[in-house]
Undergrad: 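Got a structure here, written out as C-alpha cells. Questions coming.
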Amino acid sequence: MYEILSKLQLRSAVTSLSGLVCVDPHHVGTLYTYLISKPEFATSDSRKALIRRIREALVKNISIQGVVKPISALFSIVEIEKPEDKDYSFSREGWQTGPENVERGNAWLSCIYKGNLDDAVRRFAAHRDFEFISRQITYGLYLSDHSILDGLSTELIVLSGIMIQNQALETAWHLRGTRRVGASQEDVELIQQCVELVAQFGRININKMPRVTDIEAEV
C-alpha cells in the first residue's frame with residue numbers, strides 16, 4: 001500500500017490518509033514513518049512542515065469522521081516523533097465564531113456546491129442544527145481554513161474521508177466538488193483507486209461508490 005502512496009504527489013499521499021484514519025488509525029504512524037524515510041524529508045525543518053500538513057489533515061477529518069479516530073491517528077505519530085521534529089505551532093489560536101467565520105464558510109460551501117447548494121441545504125429545513133453546524137463549524141472552522149492545506153488538498157481530504165465510509169450521495173457531491181476546485185478527472189480517479197486499496201487493506205466494503213465519470217456532466 002505504501003508503495004502505491006509513494007507514486008502519488010505529497011498532497012495526494014497526505015490527504016489519502018483519511019482512508020487510513022477510518023480503517024485503522026494506528027497505521028497513520030506507519031505512514032508517517034514511511035514518508036520521513038524519503039529523501040525530501042531528510043531535515044528536521046522538512047519533517048516539521050510535513051507534520052503540519054498531516055496534523056491539519058487530521059483536524060479536518062474531525063468534521064468528517066468524528067474526533068476519536070483522528071486523535072488515535074495523531075497519538076500513533078506522537079509515540080514515534082523525535083524531539084527535534086516536533087512542531088509547536090497552533091493554527092487556530094485566536095479563532096472566533098462570528099460574521100467573518102460564517103462568510104468564509106459560506107464562500108467555500110458555494111465554491112464546492114455552486115448551483116447544487118440549495119438542494120443540499122433544503123434537507124436541513126426541519127433540522128436546522130445541522131445547517132448551523134455545517135456552516136459555522138464544518139465549513140467555518142474546519143474546511144474553509146486553507147492556511148496550511150489549500151482548497152484542493154482540503155477537498156481531497158473530504159472526498160477520501162467520505163468515500164471510505166461507503167456514503168454514496170455525499171461521495172458524489174464531493175467528486176463533483178473536487179473537480180470544481182481544480183483536480184483533473186485522472187487525478188480524482190487515482191485518488192479513488194487509492195481509497196479502494198486502503199479499504200481492501202482494512203477489509204472494508206465500499207461497493208456503493210459512484211466514480212468521477214458518473215458526475216462529470218454536472219461539473
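Position 1 is the first residue of the sequence; numbering continues from there.
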Undergrad: Are any side-chain N or O atoms of Gln193 and backbone N or O atoms of Ile191, one a donor and one an acceptor, separated by less than 3.5 Å?
TA: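 Judged by distance alone, no pair lies under 3.5 Å.
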Undergrad: Mind checking whether Trp108 and Ile112 have side chains closer than 4.5 Å, heavy atoms only?
TA: yes
Undergrad: Determine whether Ile71 and Leu141 fall in the same hydrophobic cluster, where Ile, Leu, Val, Met, Phe, Trp and Tyr are linked whenever their side-chain heavy atoms lie under 4.5 Å apart.
TA: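 Yes: a chain of side-chain contacts under 4.5 Å links Ile71 to Leu141.
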Undergrad: For side chain to side chain donor-acceptor pair (under 3.5 Å), just list the numbers for Asp145 and Trp95, CA-CA rounded to whole Å, side-chain angles, deciding distance to a tenth of an Å, and then say yes or no.
TA: CA-CA 11 Å; Asp145 185 329; Trp95 175 85; over 6 Å; no
Undergrad: Of all heavy-atom pairs between Leu159 and Thr171, which one has the smallest distance, and what is that distance?
TA: CD1-O, 3.9 Å
Undergrad: Locate the shortest heavy-atom distance separating Gln167 from Gln165; write the atom from each residue and the value.
TA: NE2-O, 3.0 Å
Undergrad: Salt bridge or not between Asp85 and Arg47? Use side-chain N to carboxylate O under 4.0 Å.
TA: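 Judged by the 4.0 Å cut-off on N to carboxylate O distance, Asp85 and Arg47 do form a salt bridge.
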Undergrad: According to a hydrophobic-cluster definition based on side-chain heavy atoms being under 4.5 Å apart (Ile, Leu, Val, Met, Phe, Trp, Tyr only), do Tyr113 and Leu169 belong together?
TA: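 Yes, Tyr113 connects to Leu169 through the hydrophobic network.
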Undergrad: So, do Cys111 and Val181 sit near enough that their side-chain heavy atoms are less than 4.5 Å apart?
TA: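 With C-beta onward as the side chain, the pair touches.
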Undergrad: Does any N or O in the side chain of Ser76 come within less than 3.5 Å of the main-chain N or O of Ala73, such that one atom is a donor and the other an acceptor?
TA: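 Yes, the answer is positive, given that a donor and an acceptor are paired below the 3.5 Å cut-off.
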Undergrad: Tell me whether Phe124 shares a hydrophobic cluster with Phe132, the cluster being built from Ile, Leu, Val, Met, Phe, Trp, Tyr side chains joined at under 4.5 Å.
TA: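 No, because Phe124 and Phe132 fall into different hydrophobic clusters, even though each may have its own neighbours under 4.5 Å.
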Undergrad: I'd like to know if the side chain of Lys69 and the backbone of Val21 have a donor-acceptor N/O pair within less than 3.5 Å.
TA: no
Undergrad: Within this structure, what is the SG-CD1 distance for the pair Cys22 and Ile64, rounded to the nearest 0.5 Å?
TA: 12.0 Å
Undergrad: Check whether Asn101 reaches the backbone of Gln136 with its side chain - one donor and one acceptor, N or O, closer than 3.5 Å.
TA: yes
Undergrad: Once the angle between the rings of His27 and Phe201 is folded into 0 to 90°, is it parallel (under 30°), tilted (30 to 60°) or perpendicular (over 60°)?
TA: perpendicular
Undergrad: Considering residues at least two apart in sequence or located in another chain, which fulfil the ring-ring contact (aromatic ring centres under 6.0 Å, His included) criterion with His26?
TA: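 For His26, no residue satisfies ring-ring contact (aromatic ring centres under 6.0 Å, His included) once neighbours in sequence are set aside.
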Undergrad: Among side-chain atoms of Gln65 and Ser18, is any donor-acceptor pair under 3.5 angstrom?
TA: no
Undergrad: Do Val188 and Gln185 have side-chain heavy atoms sitting under 4.5 Å apart?
TA: no
Undergrad: Kindly indicate whether the side chain of Leu109, heavy atoms from C-beta on, has any atom under 4.5 Å from the side chain of Lys114.
TA: no
Undergrad: Side-chain donor-acceptor contacts of residues 211-219 below 3.5 Å, not counting sequence neighbours, with atom names and distances?
TA:
| from | atom 1 | to | atom 2 | distance (Å) |
| --- | --- | --- | --- | --- |
| Arg211 | NE | Glu189 | OE1 | 3.2 |
| Arg211 | NE | Glu189 | OE2 | 3.3 |
| Arg211 | NH1 | Glu196 | OE2 | 2.8 |
| Arg211 | NH2 | Glu189 | OE2 | 2.9 |
| Arg211 | NH2 | Glu196 | OE1 | 3.4 |
| Arg211 | NH2 | Glu196 | OE2 | 3.3 |
| Asp214 | OD2 | Arg211 | N | 2.8 |
| Glu216 | OE1 | Arg179 | NE | 3.0 |
| Glu216 | OE2 | Arg179 | NE | 3.4 |
| Glu216 | OE2 | Arg179 | NH2 | 2.6 |
| Glu218 | OE1 | Arg176 | NH1 | 2.9 |

Undergrad: Distance check, rounded to the nearest 0.5 Å: Ile54 atom CD1 versus Ile77 atom CD1?
TA: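 So the gap between those two atoms works out to 4.5 Å.
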Undergrad: So which atom in Ala42 and which in Ser46 form the shortest heavy-atom distance, rounded to 0.1 Å?
TA: N-OG, 3.6 Å
Undergrad: Is any side-chain heavy atom of Val195 closer than 4.5 Å to a side-chain heavy atom of Met209?
TA: no
Undergrad: Between Phe41 and Leu35, which heavy-atom pair has the shortest distance, and what is it?
TA: CD1-O, 3.0 Å
Undergrad: Does CD in Glu40 sit with more than 12 non-hydrogen atoms of other residues, nucleotides or ligands closer than 6.0 Å?
TA: yes
Undergrad: Mind checking whether Val23 and Leu31 sit in one hydrophobic cluster, side chains of I, L, V, M, F, W, Y counted as touching below 4.5 Å?
TA: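 Hydrophobic grouping puts Val23 with Leu31.
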Undergrad: Distance from Glu79 atom CD to Phe75 atom CZ, nearest 0.5 Å?
TA: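 Glu79 atom CD to Phe75 atom CZ measures 9.0 Å (nearest 0.5 Å).
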Undergrad: Specify the closest pair of heavy atoms between Ile80 and Thr33, including all atoms of both residues, with the distance to one decimal.
TA: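 Nearest heavy atoms, Ile80 then Thr33: CD1-OG1, 3.1 Å.
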Undergrad: Decide if atom CZ of Arg203 counts as having more than 12 heavy atoms of other residues, nucleotides or ligands within a radius under 6.0 Å.
TA: no
Undergrad: Closer than 4.0 angstrom, basic N to acidic O: yes or no for Arg52 and Glu56?
TA: no
Undergrad: List the steps and the verdict of side-chain contact (heavy atoms from CB on, under 4.5 Å) for Asn166 and Asn207.
TA: CA-CA 7 Å; Asn166 206 26; Asn207 60 350; 3.5 Å; yes
Undergrad: So, do Tyr32 and Ile51 sit near enough that their side-chain heavy atoms are less than 4.5 Å apart?
TA: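 When only atoms from C-beta onward are counted, Ile51 and Tyr32 do touch, with a gap below 4.5 Å.
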Undergrad: Transitively linked via ILVMFWY side-chain contacts under 4.5 Å: Phe90 with Val78?
TA: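 No, Phe90 does not connect to Val78 through the hydrophobic network.
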Undergrad: Would you say Ser153's side chain and Leu149's backbone share a donor-acceptor pair under 3.5 angstrom?
TA: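 Side chain of Ser153 to backbone of Leu149: no pair is present.
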Undergrad: Return yes if a side-chain donor-acceptor contact under 3.5 Å exists between Arg55 and Ser89, otherwise no.
TA: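 Yes, side-chain donor-acceptor contact under 3.5 Å.
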Undergrad: Compute whether any side-chain donor of one residue and acceptor of the other, for Thr43 and Asp45, lie under 3.5 angstrom apart.
TA: no
Undergrad: Under the 3.5 angstrom rule, does the side chain of Lys208 hit a backbone N or O of Ala168 as a donor-acceptor pair?
TA: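 No; zero donor-acceptor contacts below 3.5 Å.
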Undergrad: CG of Asp129 to NE2 of His127: how many Å apart, nearest 0.5 Å?
TA: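 Asp129 atom CG to His127 atom NE2 measures 10.0 Å (nearest 0.5 Å).
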Undergrad: Just wondering, do Val59 and Arg92 contact through their side chains at under 4.5 Å, heavy atoms?
TA: yes
Undergrad: Roughly how far, to the nearest 0.5 Å, is the CG atom of Leu117 from the CG atom of Asn106?
TA: 8.0 Å
Undergrad: Take Trp173 and Ile162, measure what side-chain contact (heavy atoms from CB on, under 4.5 Å) needs, and give me the verdict at the end.
TA: CA-CA 10 Å; Trp173 289 350; Ile162 292 173; over 6 Å; no
Undergrad: Looking at OG1 of Thr178 and CD of Gln192, how far apart are the two atoms once the value is rounded to the nearest 0.5 Å?
TA: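 So the gap between those two atoms works out to 10.0 Å.
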Undergrad: Determine whether Leu143 and Lys60 make a side-chain contact, defined as any pair of heavy atoms from C-beta on separated by less than 4.5 Å.
TA: yes
Undergrad: Please report the closest heavy-atom contact between Tyr139 and His174, naming both atoms and the distance.
TA: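 That would be OH-CE1, 3.4 Å.
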Undergrad: Assess whether atom CD of Glu100 is packed by more than 12 heavy atoms of other residues, nucleotides or ligands within 6.0 Å.
TA: no
Undergrad: Closer than 3.5 angstrom, by distance alone: can the side chain of Asp187 be matched with the main-chain N or O of Ala183 as a donor-acceptor pair?
TA: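 Pair absent, no side-chain N/O of Asp187 close to backbone of Ala183.
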